[in-house]
Amino acid sequence: TGTVTFDPGFMNTAATTSAITYIDGDAGILRYRGYPIEQLAKHSSFLETSYLLIYGNLPTPAELEAFDHRIRRHTLLHEDLKGFFGGFPRDAHPMPVLSSAVSALSTFYQDSLDPFDEEQVELSTVRLMAKLPVIAAYAHKKSIGQPMLYPDNSMNLVENFMRLSFGLPAEPYELNPKLVKALDLLLILHADHEQNCSTSTVRLVGSSNANMFASISAGISALFGPLHGGANEAVLNMLRDIQSTGMQPETFMEKVKNKEDGVKLMGFGHRVYKNYDPRAKIVKATAHEILADLGGNDELLDIAMRLEEKALADDYFIERKLYPNVDFYTGLIYKAMGFPEKMFTVLFAIGRLPGWIAQWREMMQDPQTKIGRPRQLYTGVPERSYPER
Ligand code: CMC
């Protein structure tokens with residue numbers, strides 16, 4: 001009742017209060033629980049940042065160790081859940097495999113589904129943190145026809161994920177510490193971003209008191225889209241197309257500006273940032289370093305940098321305040337690490353997981369929470385009578 005505000009895409013509507021992440025889009029500022037992203041990128045780890053987002057403060061060394069330990073103890077997937085992977089086509093995209101398997105966690109862990117039972121919420125939190133990277137690695141292994149390894153709990157979450165993604169049973173897997181550190185950094189940068197499309201989805205689904213697995217599975221589906229997390233995969237495809245057709249970046253930019261066939265400069269633009277995305281700044285700064293170390297494709301990086309340079313000097317982009325976002329350079333790094341394009345958005349999902357969990361938990365504890373139920377402006381036929389026949 002009362003006045004209904006029309007706000008498609010929620011351009012101006014705050015759906016919640018939140019104490020987790022702060023963004024100043026005009027100034028290009030991002031903070032988790034008050035800590036600037038630049039400081040976390042430099043000093044923190046993905047595990048510590050996850051703790052910070054979920055529990056509100058940086059952990060003491062003992063708290064961090066306990067968190068790490070609990071996660072390591074829950075990495076194993078139920079054997080029947082592993083059976084799921086055999087049911088999907090070989091060329092399945094790993095994102096729907098991931099969302100399906102996370103949804104299926106509700107069937108395997110029926111003892112931790114009550115959203116208002118603190119202990120159960122804690123158990124679901126740890127299970128998700130531990131198992132999602134394992135599911136992600138298995139989706140990858142399935143797509144390349146390789147056997148799935150069991151987790152090795154002497155490794156932390158990121159190390160285990162690398163081994164499960166690239167290791168083989170026939171030979172010991174040697175961790176590359178530079179690679180682990182680079183992935184850890186990228187996961188920190190993706191860990192939360194306030195009320196983005198997937199997080200809002202997690203909250204909307206959770207607002208019906210749906211359990212954490214169901215809510216986060218829905219968030220993974222939202223992340224899949226190319227306007228959201230799927231952009232990192234779309235950027236690499238775009239760079240590849242430009243490279244393989246021998247098109248000049250300038251020609252591509254003309255197509256974008258003329259909105260030919262709806263072509264966009266993927267990895268550019270953001271609903272909130274009207275300035276350089278602070279995450280993209282960090283990724284760009286490290287991209288050169290990491291690619292030099294890992295032997296990445298310099299030609300694609302060159303194309304990306306030329307596109308950026310052209311865009312930042314072009315009136316079309318200046319007027320619309322379009323800058324590179326986090327997805328512009330990450331794909332190049334993932335590729336250099338050995339991940340296929342299809343895995344890029346899955347890596348985003350692993351990074352965003354603690355944010356989704358933190359936001360879901362915050363909502364469940366918030367006495368202001370009501371079921372999410374937007375209104376509409378009806379545009380259909382006012383009323384008509386069913387014809388007498
Ligand atoms: N290339 C060309 N033009 C663009 C782009 C782009 N990447 N992004 C926005 N525009 C234009 C858009 O066509 C519109 O122009 P006009 O005023 O002439 O109609 C204007 O800029 C405003 O854009 P919008 O689509 O109304 O803005 P939005 O806030 O609704 O959308 C966005 C934000 C991120 C969906 C959009 O910028 C986009 O599609 N970007 C490309 C996809 C992408 O990189 N997504 C990743 C987002 S960041 C991390 C994440 O969430 O995964």
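Because the structure is predicted, anything quoted here is derived from the model rather than measured. In each ligand, atom 1 is the first atom listed, and ligand 1 is the first ligand listed.
Protein heavy atom nearest atom 43 (C) of ligand 1, with residue, atom name and distance: Ala231 CB, 3.6 Å. In terms of protein heavy-atom proximity, atom 3 (N) of ligand 1 is nearest to Tyr316 OH, 2.8 Å. For atom 7 (N) of ligand 1, the closest non-hydrogen atom on the protein side is Leu265 O, 2.7 Å. Considering only non-hydrogen protein atoms, atom 15 (O) of ligand 1 sits nearest to Lys259 NZ, 3.0 Å. Here the protein heavy atom with the shortest distance to atom 36 (C) of ligand 1 is Lys264 NZ, 4.2 Å. If you check which protein heavy atom lies closest to atom 10 (N) of ligand 1, you get Leu322 CD1, 3.6 Å. Of the protein's non-hydrogen atoms, Arg320 CD, 3.3 Å is the one closest to atom 21 (O) of ligand 1. Of the protein's non-hydrogen atoms, Gly269 O, 3.7 Å is the one closest to atom 34 (C) of ligand 1.
Within 4.0 Å of atom 24 (P) of ligand 1, not a single protein heavy atom is present. Closer than 4.0 Å to atom 49 (C) of ligand 1 lies at least one heavy atom of the protein. For atom 39 (O) of ligand 1, a protein heavy-atom neighbour is present inside the 4.0 Å cut-off. When distances from atom 19 (O) of ligand 1 to the protein are checked, a heavy atom turns up under 4.0 Å. Remark: atom 32 (C) of ligand 1 lies closer than 4.0 Å to no protein heavy atom.
Using a distance-only test at 3.5 Å, with no hydrogens or angles considered, no donor-acceptor pair links the side chain of Tyr150 to the main chain of Leu77.
For the residues Gly267, Gly229, Ser198, Ala280, the heavy atom positioned nearest atom 44 (O) of ligand 1 is part of Gly267. Selection from Leu227, Asn196, Thr199 by nearest heavy atom to atom 35 (C) of ligand 1 gives Leu227. Comparing Arg271, Arg352, Met266 against atom 42 (C) of ligand 1, the shortest heavy-atom distance belongs to Met266.
Residue Phe268 has at least one nitrogen or oxygen atom sitting less than 3.5 Å from a nitrogen or oxygen atom of ligand 1, judged on distance alone. Ligand 1 has no nitrogen or oxygen under 3.5 angstrom from a nitrogen or oxygen of Phe348. Considering backbone and side-chain N/O atoms, Lys274 never comes within less than 3.5 Å of an N/O atom of ligand 1. Not one N or O of Phe317 is nearer than 3.5 Å to an N or O of ligand 1, by distance alone. Considering backbone and side-chain atoms alike, Asp327 places an N or O below 3.5 Å from some N or O of ligand 1. Between Met11 and ligand 1, no pair of N/O atoms sits closer than 3.5 Å.
With values rounded to the nearest 0.5 angstrom, Cys197 atom SG is found 8.5 Å from Leu223 atom CG. Residue Leu187 holds its CG atom at 10.5 Å from CG of Leu353, rounded to the nearest 0.5 Å. Here Leu332 contributes atom CG and Lys284 contributes atom NZ; the two are 12.5 Å apart, rounded to the nearest 0.5 Å. The CZ atom of Phe85 sits 11.0 Å away from the OG atom of Ser143 when rounded to the nearest 0.5 Å. Rounded to the nearest 0.5 angstrom, His193 NE2 and Arg271 CZ are separated by 13.0 Å.
Of the residues listed (Val326, Asp277, Ile23), the one engaging Leu30 in a side chain to side chain contact (heavy atoms under 4.5 Å, CB included) is Ile23, and it is the only one.
If you look at Phe339 and Phe344, their ring centroids are not closer than 6.0 Å.
Open room surrounds CD on Glu289; 12 or fewer heavy atoms of other groups in view lie less than 6.0 Å from it. Within 6.0 Å of the CD atom in Glu65, the count of heavy atoms belonging to other residues, nucleotides or ligands does not exceed 12. Counting heavy atoms of neighbouring residues, nucleotides and ligands inside a 6.0 Å radius, atom CD of Glu119 does not exceed 12 of them.
Proximity of Phe328 to ligand 1 is not established, as no heavy-atom distance is less than 4.0 Å. The shortest heavy-atom distance from Val256 to ligand 1 is under 4.0 Å. Judged by the shortest distance from any of its heavy atoms, His193 lies outside the 4.0 Å radius around the atoms of ligand 1.
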Side chain to side chain donor-acceptor pair (under 3.5 Å) for Glu63 and Tyr55? Distances and angles first, verdict last.
CA-CA 11 Å; Glu63 283 166 340; Tyr55 302 106; over 6 Å; no
Any chance you could lay out the side chain to side chain donor-acceptor pair (under 3.5 Å) test for Thr16 and Gln195, step after step, and finish with the verdict?
CA-CA 9 Å; Thr16 184; Gln195 306 313 317; 5.7 Å; no
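Electrostatic pairing of Arg72 and Asp68 counts as a salt bridge here, judged by a charged N lying under 4.0 Å from a carboxylate O.
Ring pair Phe213/Tyr109 is tilted by interplanar angle, where 30° to 60° counts as tilted.
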